[in-house]
Amino acid sequence: MVAFLKAIIETADYDSRYRVLLRHTAALLGILWDDFEEAEDTLTLSIIDEQYVESDTSRLAREKNAKRKKIKRYAMIGAATGLGGVLIGLTGGLAAPLVAGAATAIGLGSAAVIGTVAGSAIFGSTLGVAGAGLTGYKMKRRAGAIEEFVIESLTNELSLHVVLCVNGWIDNEASYAFQEPWVGLQMSREQYTLRYESSYLLELGKAMEYFMTMGLSIAVQQTLMQTILHGILTSIMWPMALVSAASVIDNPWNVCTVRAKAVGEELAEVLLARAHGKRPITLIGFSLGARVIYHCLMTMSQRSDCVGIIEDVVLLGAPVSASPKQWKQIAKVVGGRIINGYCNSDWLLRFLYRTMSVQASIAGTGPVDNKDEKKIVNFNLSHIVKGHLDYSKKLMEVLDSVGVKIDKTSIKLSNEAEQGEEASELVEKIALDDSDNKISS
């Protein structure tokens with residue numbers, strides 16, 4: 001299998017469908033996928049560390065493919081550095097400082113990015129390719145109403161398989177706000193997160209937290225969960241206490257849903273341009289992050305060159321339609337699986353979605369009909385997710401339950417932190433009750 005992988009890499013086009021085929025082959029041969037990924041990463045390092053001699057056949061095939069895609073710089077670099085040049089093409093230029101023997105490696109932060117203007121500028125400059133600044137200007141112009149779109153690094157290594165994570169909201173203004181929920185993710189040695197529209201997502205995060213903790217009593221929340229579970233809650237039956245507090249959250253939610261669609265369309269352009277290189281990429285998102293990915297896939301599905309880029313997709317608590325027709329459309333973009341993680345008692349998502357569509361079919365609150373599309377896999381997360389905010393608070397536990405590789409200790413730390421928060425809230429409630437009693441007496 002490693003020989004097959006090496007042959008694929010020599011073509012400078014590690015199609016996501018190849019990796020899906022390799023995964024199925026490994027399963028049939030009884031080879032652990034972890035062992036294959038280790039070999040995959042070892043091959044990546046060996047390509048960086050050594051100077052291979054590229055065969056004439058491989059070189060001609062790569063140059064022909066590069067010319068067809070109008071990426072001539074990959075051909076020039078590859079001709080000079082053998083398979084090292086192929087890796088530059090595969091990684092969209094990220095391996096250039098290592099292959100070329102740069103004095104310093106590009107580290108964390110905005111410098112180590114995959115679909116962004118900054119990444120193109122840095123590596124374009126390193127390789128002597130002009131026009132990166134113009135690309136940055138065109139990106140901003142093309143983005144239209146989008147105010148922020150930056151891809152940040154979660155790890156500081158290279159891999160032949162990339163993971164991009166998308167948040168649904170953030171709850172603080174720290175520089176690491178977008179990376180924080182994904183600490184513990186170990187799906188690849190090369191992982192990224194999309195920082196987008198942070199001011200709006202922060203406003204939404206604060207609104208949801210207030211709405212859940214101050215706007216409604218625990219009793220009302222429990223009642224809503226039970227009524228939704230039994231399917232007896234309709235759009236005209238929402239409690240008055242809920243409707244009265246809706247103004248706190250409706251506006252930031254509606255603003256963010258519109259922007260999520262625009263960001264998804266922009267992300268599609270980044271991926272179609274192979275800014276991450278010619279290698280498989282997996283997309284993971286929760287809540288509005290899942291909506292970003294959904295619209296990214298919908299946009300890609302309308303293009304003829306959409307296949308072979310996306311390997312797997314994980315959508316958690318997605319505020320999008322569960323229409324089988326639309327999901328079948330996005331499935332053609334994905335080489336592997338599309339995971340739909342849902343919670344059928346997520347009353348908050350159902351309440352928020354009421355302003356977006358009159359339809360009751362929401363992917364984040366129930367399974368998507370997959371009888372005609374086997375790529376779609378549904379996971380009921382109701383045993384873990386008790387409310388929509390849990391997609392962020394219990395993210396590692398949720399990912400583990402749908403088969404995504406994580407650091408198991410992160411679940412323990414998350415549970416301990418949650419228990420600490422619950423204890424603090426209980427102490428505050430008792431103190432508040434005591435204060436009220438003293439006042440009344």
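The shortest side-chain heavy-atom distance between L283 and V314 does not fall under the 4.5 Å cut-off. Residues I338 and V377 form no side-chain contact, since every pair of their non-hydrogen atoms from C-beta on lies 4.5 Å or further apart. Contact annotation: the side chain of K328 never approaches that of P324 to less than 4.5 Å [non-hydrogen atoms, C-beta and beyond]. Between L315 and F286 the shortest side-chain heavy-atom distance does not fall below 4.5 Å. For the pair I249/L352, a side-chain contact is recorded, criterion being any heavy-atom separation below 4.5 Å from C-beta on. Taking 4.5 Å as the limit, some side-chain heavy atom of Y294 sits within range of a side-chain heavy atom of I330. At least one side-chain heavy atom of L204 sits less than 4.5 Å from a side-chain heavy atom of L288. In this structure the side chain of V307 never reaches within 4.5 angstrom of the side chain of K332, judged on heavy atoms.
For N340 and W327, the side-chain atoms include no donor-acceptor pair closer than 3.5 Å. Looking only at atom types and distance, the side chain of T365 has no donor-acceptor partner in the side chain of D346 under 3.5 Å away. Using a 3.5 Å distance cut-off with no hydrogens or angles, the side chains of E147 and Y200 do pair a donor with an acceptor. Residues Q329 and S301 have side chains that bring a donor and an acceptor to within less than 3.5 angstrom of each other.
The existence of a salt bridge linking R23 and D312 is confirmed by a sub-4.0 Å separation between a basic side-chain nitrogen and an acidic carboxylate oxygen. We find that R259 and E148 are not joined by a salt bridge, their nearest charged nitrogen and carboxylate oxygen being 4.0 Å or further apart. For K405 and D34, the salt-bridge test passes: some basic side-chain N is under 4.0 Å from an acidic carboxylate O. Salt bridge annotation for K206-D171: absent, with no cationic side-chain nitrogen under 4.0 angstrom from a carboxylate oxygen.
Taken to the nearest 0.5 Å, the CG atom of L381 stands 5.0 Å off from the OG atom of S401. Within the model, atoms CG of L348 and OH of Y391 stand 11.0 Å from one another, a figure rounded to the nearest 0.5 Å. Summarising the geometry, atom OG1 belonging to T282 is positioned 8.0 Å from atom CD1 belonging to I310; distances are rounded to the nearest 0.5 Å. Atoms NZ and CD1, on K393 and I384 in that order, are 15.5 Å from each other to the nearest 0.5 Å. Put simply, CD on Q186 and OG1 on T155 are 10.5 Å apart, with the number rounded to the nearest 0.5 Å. Summarising the geometry, atom CD1 belonging to I146 is positioned 8.0 Å from atom CD belonging to E265; distances are rounded to the nearest 0.5 Å.
Across R279 and R274, no two heavy atoms sit closer than the pair N-NH1, 4.3 Å. Considering all non-hydrogen atoms of both residues, L22 and F4 come closest at CD2-CD2, 3.4 Å. Between S323 and S361 the shortest heavy-atom distance is N-OG, 4.5 Å. Heavy-atom minimum distance, V163 versus S188: CG2-CB, 3.7 Å. The two residues D41 and S159 have their closest heavy-atom pair at OD1-OG, 3.2 Å. Residues S287 and P319 come closest through the heavy atom pair O-CD, 3.1 Å.
A 6.0 Å sphere centred on CD of E173 holds no more than 12 heavy atoms belonging to other residues, nucleotides or ligands. Atom OH of Y18 has 12 or fewer heavy atoms from other residues, nucleotides or ligands within 6.0 Å.
Between the Y192 side chain and the V162 main chain, no donor and acceptor come within less than 3.5 Å of each other. Between the Q191 side chain and the L185 main chain, a donor and an acceptor come within less than 3.5 Å of each other. Not one N or O on the side chain of S392 forms a donor-acceptor pair closer than 3.5 Å with the backbone of L389. Side-chain N or O atoms of S16 include none that pairs as donor or acceptor with a backbone N or O of P280 at under 3.5 Å. Looking only at distances, no side-chain donor or acceptor of R17 sits under 3.5 Å from a matching main-chain atom of E311. Looking at D400, its side chain never comes within 3.5 Å of a backbone N or O of M396 through a donor-acceptor pair. Under a 3.5 Å cut-off, the side chain of K375 and the backbone N or O of A331 do form a donor-acceptor pair.
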| message | Under the criterion side-chain contact (heavy atoms from CB on, under 4.5 Å), I'd like the reasoning laid out for V398 against V385: C-alpha separation, chi angles, the key distance, then a yes or no. | response | CA-CA 8 Å; V398 168; V385 177; 3.8 Å; yes
| task | Please test V183 against Y176 for side-chain contact (heavy atoms from CB on, under 4.5 Å), starting from the C-alpha separation and ending with a verdict. | result | CA-CA 10 Å; V183 173; Y176 53 81; over 6 Å; no
| request: Would you check, one step at a time, whether the test side-chain contact (heavy atoms from CB on, under 4.5 Å) holds for E397 with I406? | output: CA-CA 9 Å; E397 188 176 354; I406 63 155; over 6 Å; no
| field | Verdict with supporting geometry, I151 and T193, side-chain contact (heavy atoms from CB on, under 4.5 Å) | value | CA-CA 6 Å; I151 297 178; T193 184; over 6 Å; no
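Among E38, E40, E37, the one residue that satisfies the salt bridge (Lys or Arg N to Asp or Glu O under 4.0 Å) test with R189 is E38.
For W169 and H388, the distance between ring centers is under 6.0 angstrom.
Classification of the F211-W347 ring pair by plane angle, with boundaries at 30° and 60°, yields tilted.
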